[in-house]
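Atoms within a ligand are numbered from 1 in the order they appear, just like the ligands themselves.
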Amino acid sequence: MTTTPSRPIRLDALAYGGDYNPDQWPEEVWVEDARLMREAGVNLVSLPVFSWPRIEKTQGTYDFDWLDRVINLLWEHGIKVDLATATATPPAWLIREHPEILPHNVHGQRLEFGSRQAYCPSSPVFRSHALRLTEAMAVRYAEHPALALWHISNEYGDHVPRCWCPVSGAHFRRWLESRYGDIDGLNEAWGTSCWGQHYLSFDHIEPPRTSMGPINPSQLLDFERFGSDALLELFQSEIDVLRRVTPDIPVTTNFMSLFKELDYWDFAAVEDVVTDDAYPDPGDPLAHVPAALNYGLMRSLKSGQPWLLLEQAPSAVSWRDVNVPKAPGRMRLDSYQAIAHGSDGAMFFQWRQARFGPEKFHSAMLGHRGEKSRTFAETAALGAELKKIDAVRGSRVSARVALVVDWDSWWGSSANDSLPSQRLDWLEQARAWHGALFALGQTVDVVKAGGGFESPFARYDVVVVPNLYVVTQEQAEALTSFVEGGGHLVVGPFSGVVDPTEKIHPGGAPGPLRNLLGVEVDEWWPLADGDTGAITLAGSDHEIETWSEWIDVADSAEVVATYSTGVLDGRAAIVRNASGAGAAWYLSAALRENGLEAVLGQILDAASVDRRQHPNRLLEVVTRVGDDESFTFFLNHGADEILVQAPAAAVDLLCGADIPIGADIRLPGFGVAVLAHRTLDLTPTSL
Ligand code: GAL
């Protein structure tokens with residue numbers, strides 16, 4: 001089963017390459033770059049991401065000659081471009097003419113020029129200049145045969161996800177007015193009768209800057225939504241220009257994996273191809289586990305369509321406190337992991353390692369030692385090897401389990417300081433749940449909370465919801481019909497708490513999920529710092545931390561686990577409620593890894609989803625399903641050899657050997673195997 005987006009990247013191979021900053025180098029180096037890129041199998045480069053001042057030297061005075069020369073040179077070497085609109089960083093001349101473009105932080109202080117992304121997302125002045133440049137770029141390169149993809153801006157929100165300046169304030173007020181219609185609507189939604197917050201006019205509302213005490217949570221949640229929408233509006237305005245001038249060229253902006261500040265469901269909906277920047281920490285031996293969740297999100301943002309890993313580090317980055325390099329083989333393994341998860345290629349930041357600026361210690365495909373650098377040797381080897389797995393292009397990842405990611409719930413449950421506990425971290429929970437599923441051998445897709453016109457859950461056997469703090473009636477109905485239709489649903493603590501205006505659902509949590517889950521929360525019972533507790537599940541004790549709840553259980557529901565410590569000792573901790581052809585589970589506590597593995601393992605069994613009996617976080621097996629054949633990737637994320645068995649008669653694409661069913665495949669430390677075989681019902685236990 002292969003899919004192509006309506007406007008696919010104009011490339012007929014897996015994408016391989018990286019960011020290229022030719023304006024940091026004299027022209028003779030470009031010639032060497034193009035030669036070495038070709039040698040390394042590079043076929044796509046991203047440029048000129050931060051070159052606005054070099055292209056538009058003063059307002060309306062463009063210098064495209066140098067860029068023409070670079071792009072032509074690349075094209076002569078068979079390399080296409082992921083062409084940046086170059087609007088990621090406004091030039092100093094523009095800032096000095098219009099200092100009002102500069103963003104303000106939450107304390108109302110203006111941030112000074114001197115780094116990148118020096119703009120307020122709501123600034124109409126910035127936008128009009130950015131769109132002028134976008135149009136000039138589009139007109140200039142519309143017909144260039146090297147143009148494969150538009151790269152709009154760069155990592156929206158990386159440095160300035162929110163702005164609290166007066167211009168943003170006015171934009172926020174307009175946004176609120178269109179959301180609520182009139183000020184009475186806003187007063188009702190925001191519950192302004194609490195703490196004397198009543199407003200007479202939208203003009204009286206400001207963005208939530210540093211205040212004297214806790215800020216109205218409804219205002220905070222709306223500001224998060226607004227902040228994401230403000231950047232989305234900017235993104236859309238560039239897309240509009242590009243679609244007008246170059247209607248057939250696909251557009252993208254590079255995401256930042258699971259990034260709290262932007263609701264990527266909305267961003268993905270308006271672009272052609274999802275691209276992501278991922279920087280798993282080589283210093284963390286389990287960094288590939290959250291990476292798998294990020295990649296699950298990326299492929300799911302456009303219903304399973306292939307996406308592209310646009311940036312990763314060939315070795316060390318330069319922005320952590322300690323920047324551990326990637327051991328030999330690790331860069332190859334990380335690239336294959338993204339491809340296994342649906343990326344149609346592997347790209348890097350950056351091609352040539354910088355000699356100056358904040359990224360001079362950041363690794364590159366071509367290190368400071370040039371051709372002699374280790375990263376170049378590994379880059380060239382991988383570039384050659386990827387040609388052997390070209391058949392995977394367009395195939396889709398197979399998954400029976402999905403995890404719900406909902407930005408409203410992420411923001412609402414963590415963006416304010418008036419919560420039962422600050423310790424229940426949305427992302428940590430999502431990662432812990434996913435980590436347990438990973439250990440149990442599952443490939444996990446990501447789904448929206450639902451409630452739209454089409455149920456996102458239908459193609460899965462198991463849907464897990466680590467947290468759904470904000471829930472609507474519609475979403476509850478979509479989850480209910482999934483369960484009634486035979487699905488298995490697992491919902492985590494502190495879910496079903498508020499409606500989209502941040503009001504507690506009548507009767508308390510889990511609000512509209514009450515009948516489905518068969519529980520009512522009487523009180524949240526967070527654990528004091530340093531305290532742990534336990535639950536008993538099937539005769540074994542499992543540790544809990546951070547969070548527990550006093551819940552009452554409906555007659556229809558079955559208690560699966562009870563608390564075995566503290567005030568809640570003997571009370572229900574995990575509950576199962578059968579409904580229609582399926583069942584819903586509610587986990588009222590924050591479990592540690594082994595507890596999550598035990599609970600989720602039981603639920604996978606109930607749903608007849610095969611799983612590993614012995615959880616393993618170092619071996620990953622992912623299958624992509626194509627039209628005529630499937631591709632199973634075996635990834636050894638550990639340093640020690642692992643032996644796996646071929647699930648079917650297959651061809652090992654990397655070494656070309658025919659492999660009989662059941663044959664041993666040796667995966668050395670950080671080793672990879674990619675088997676092509678007929679499509680079968682592969683199960684993690686058979687792998
Ligand atoms: C990304 C960014 C790149 C580069 C890279 C370094 O966040 O898009 O321009 O800075 O990080 O890791």
Side-chain angles (χ1 to χ4, degrees), residues 15 17-25 44-54 81-90 114-119 121 149-161 231 234-235 238 251-262 264 267 271 273-284 287 290-291 294-295 298 307-326 330-331 334-335 338 343 345-368 375 379:
D19 277 52
Y20 183 37
N21 291 300
D23 43 343
Q24 293 178 14
W25 298 95
L44 186 70
V45 300
S46 305
L47 88 173
V49 181
F50 299 106
S51 306
W52 188 339
R54 178 85 189 256
V81 293
D82 162 35
L83 193 58
T85 53
T87 55
T89 286
S115 186
R116 55 184 178 179
Q117 257 182 27
Y119 63 85
L149 174 68
W150 280 115
H151 177 303
I152 296 179
S153 189
N154 189 67
E155 292 193 340
Y156 277 118
D158 178 19
H159 302 296
V160 187
L231 282 166
L234 188 57
F235 182 36
E238 284 207 35
V251 301
T252 193
T253 188
N254 45 345
F255 292 162
M256 281 169 286
S257 302
L258 256 171
F259 181 60
K260 182 177 173 192
E261 273 75 13
L262 302 184
Y264 281 151
F267 277 69
E271 65 182 1
V273 181
V274 169
T275 54
D276 189 42
D277 299 350
Y279 290 92
D281 184 354
D284 172 1
N294 295 336
Y295 301 155
M298 292 306 143
W307 57 283
L308 177 60
L309 178 66
L310 203 62
E311 287 184 26
Q312 62 173 327
S315 188
V317 298
S318 54
W319 40 262
R320 293 195 172 99
D321 285 354
V322 177
N323 299 299
V324 176
K326 291 190 178 173
R330 192 72 194 262
M331 171 266 248
D334 288 356
S335 303
S343 172
M347 309 265 297
F348 297 86
F349 181 88
Q350 61 176 329
W351 164 252
R352 183 181 275 276
Q353 188 165 18
R355 286 193 53 220
F356 47 81
E359 293 183 317
K360 61 181 181 291
F361 297 119
H362 195 294
S363 62
M365 301 165 85
L366 191 64
H368 288 143
T375 51
T379 296

Top protein contact for atom 4 (C) of ligand 1, by heavy-atom distance: E359 OE2, 3.1 Å

For the backbone of A354 and the side chain of H368, can you confirm whether one donor and one acceptor N or O come within less than 3.5 Å of each other? yes

Which residue owns the protein heavy atom closest to atom 9 (O) of ligand 1, what's the atom, and how far is it? R116 NH1, 3.0 Å

Measure the acute angle between the ring planes of Y156 and F267, then classify it against the limits of 30° and 60° as parallel, tilted or perpendicular. tilted

List ligand 1 atoms under 4.0 Å from D277, heavy atoms only on the residue side. 8 (O)

Proximal ligand 1 atoms for N154, defined as those under 4.0 Å from one of its heavy atoms: 2 (C), 8 (O), 9 (O)

Under 4.0 Å from a heavy atom of W319: give me the atoms of ligand 1 that qualify, with their elements. 6 (C), 12 (O)

Protein contact to atom 5 (C) of ligand 1 [nearest heavy atom, distance to 0.1 Å]: Y279 OH, 3.4 Å

I'd like to check which ligand 1 atoms, numbered from 1 as shown, lie under 4.0 Å from a non-hydrogen atom of F50. 9 (O)

In terms of atom number and element, which parts of ligand 1 are under 4.0 angstrom from non-hydrogen atoms of H362? 6 (C), 12 (O)

Students often mix this up, so state it plainly: with edges at 30° and 60°, are the rings of F349 and H362 parallel, tilted or perpendicular? perpendicular

Pick from L83, V49, T85, T275: which one makes a side chain to side chain contact (heavy atoms under 4.5 Å, CB included) with H151? V49

Validation row: T379, M331 side chains within 4.5 angstrom (heavy atoms): yes

Aromatic contact, Y279 with W319 (centres under 6.0 Å): yes

List the closest protein heavy-atom neighbour of atom 7 (O) of ligand 1: residue, atom name, distance to the nearest 0.1 Å. E155 OE1, 2.4 Å

In this structure, atom 3 (C) of ligand 1 is nearest to the protein heavy atom E311 OE1, 3.3 Å

Below 4.5 Å, heavy atoms only, C-beta onward: do W150 and E271 meet side chain to side chain? no

